[in-house]
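Bear in mind the structure is a predicted one, so any value in this text is a computation, not a measurement. Residues: numbered from 1 along the sequence shown.
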Amino acid sequence: MTTEQNVALEKSDVNEDQTLALLRQPAATSAVLEKIAKDPATAKSRKIKLALIEHLHTPRHVSLLLLRNLYTFDLMTVALMPVVAADIKIAAEESLIQRLEKLSIGEKLSLARRASTRVVAALLHQSDARIVNAALETPRLTEIVLVNALASRDSSDLLDQTVRRHAKWSLRPEIQQALQRRADRTPEDA
């Protein structure tokens, strides 16, 4: 980071575009990034928050604090960013999963189509057939995740029925075995 950029950061009249330009610098130090995160203007700008989380040198504690104030789809974006550290992605996914009950059906449908595998797995347990269908159609859903969802104690009959009718998933041998194991369970096992 150049001295001009450090001087710009020291000024109180740095605007969002200047801050974003600073955040695009790979040489930005963790101290500078932490200072940006503490700036009151950062709390108002979702672009700056996302850029801070995405930056390789942002301290973990700063990224985790920033996650708390992100909107639902910004959390989804963080969970899907390839450059974000795994623990930050997991925290974003956990935050999304905790918010699921408060989200509208439209938001859940959109998440089911675009979210990460862990969030889609959580959406498989919803009570709305449209959400379950959308989750089954997402390219991020894997066979092992679906098998685990079917084997789960909180797996619903809706998921069972939807998977049995699904053109893609119902034909897979591992899914068929999971459905059979589920059908063989006694009520005491459930």
Sub-3.5 Å donor-acceptor pair from the side chain of [X] to the main-chain atoms of [Y], do we have one?
X	Y	answer
Ser170	His166	yes
Asp39	Thr42	no
Thr58	Ile53	no
Ser152	Asn148	no
Gln18	Asn15	yes

(message) What I'd like to find out is whether the side chain of Ile88 reaches to under 4.5 Å of the side chain of Arg60, using heavy atoms alone.
(response)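 Yes. Closest side-chain heavy atoms under 4.5 Å.
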
(message) Atom NZ of residue position Lys38 - does it have more than 12 heavy atoms of other residues, nucleotides or ligands inside 6.0 Å?
(response)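 Counting other residues, nucleotides and ligands, NZ of Lys38 stays at 12 neighbours or fewer.
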
Considering all heavy atoms, the nearest [X]-[Y] contact:
X	Y	answer
Met81	Lys89	O-CE, 2.6 Å
Thr138	Ala135	CG2-O, 3.0 Å
Ala91	Leu64	CB-CD2, 3.6 Å
Ser63	Leu52	OG-O, 4.5 Å

(message) Taking ring pair (Phe, Tyr, Trp, His ring centres under 6.0 Å) as the cut-off, I'd like each qualifying pair that reaches into residues 70-125, sequence neighbours left out, listed once.
(response)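 Ring pair (Phe, Tyr, Trp, His ring centres under 6.0 Å) check on residues 70-125 returns no pairs.
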
(request) Can you tell me which residue pairs pass the ring pair (Phe, Tyr, Trp, His ring centres under 6.0 Å) test with a partner in residues 32-62, sequence neighbours excluded? (result)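 Listed once each, the pairs are His55-His57.
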
(request) Check step by step if side-chain contact (heavy atoms from CB on, under 4.5 Å) holds for Val32 and Lys35. (result) CA-CA 5 Å; Val32 169; Lys35 184 169 183 166; 5.6 Å; no

Quick one: list whatever passes side chain to side chain contact (heavy atoms under 4.5 Å, CB included) with [X], sequence neighbours left out.
X	answer
Ala92	Leu67, Leu75, Val78, Ala79
Ala151	none
Thr72	Leu96, Arg99, Leu103, Leu111

Any chance you could measure [X], atom [atom1], to [Y], atom [atom2], to the nearest 0.5 Å?
X	Y	atom1	atom2	value
Glu34	Leu65	CD	CG	9.5 Å
Arg68	Leu70	CZ	CG	12.0 Å
Ser110	Ile105	OG	CD1	13.5 Å
Glu54	Leu23	CD	CG	10.0 Å

(message) Starting from Ile175 and following side-chain heavy-atom contacts under 4.5 Å between hydrophobic residues (I, L, V, M, F, W, Y), which residues can be reached?
(response)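 Cluster partners of Ile175: Val120, Leu124, Val132, Leu136, Leu141, Ile144, Val145, Leu146, Val147, Leu150, Leu158, Leu159, Val163, Trp169, Leu179.
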
Side chain to side chain donor-acceptor pair (under 3.5 Å) partners for [X], two or more places apart:
X	value
Ser30	none
Gln126	Lys108
Arg181	none
Gln180	Asp184

(request) Name all pairs fulfilling the salt bridge (charged side-chain N to carboxylate O under 4.0 Å, His left out) condition that reach into residues 134-144, sequence neighbours left out, sorted by first residue then second. (result)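 Counting only pairs at least two positions apart or across chains, the salt bridge (charged side-chain N to carboxylate O under 4.0 Å, His left out) contacts touching residues 134-144 are Glu143-Arg172.
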
(request) Give every residue pair that meets the salt bridge (charged side-chain N to carboxylate O under 4.0 Å, His left out) criterion with at least one member in residues 19-29, sequence neighbours excluded. (result)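 Of all non-adjacent pairs touching residues 19-29, none passes salt bridge (charged side-chain N to carboxylate O under 4.0 Å, His left out).
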
(request) Output yes when Arg165 and Asp160 qualify as a salt bridge under the 4.0 Å nitrogen-oxygen rule, no when they do not. (result)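 No.
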
(message) Less than 4.0 angstrom from a charged side-chain N to a carboxylate O is my criterion; do Asp74 and Lys49 meet it?
(response)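 Salt bridge absent between Asp74 and Lys49.
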
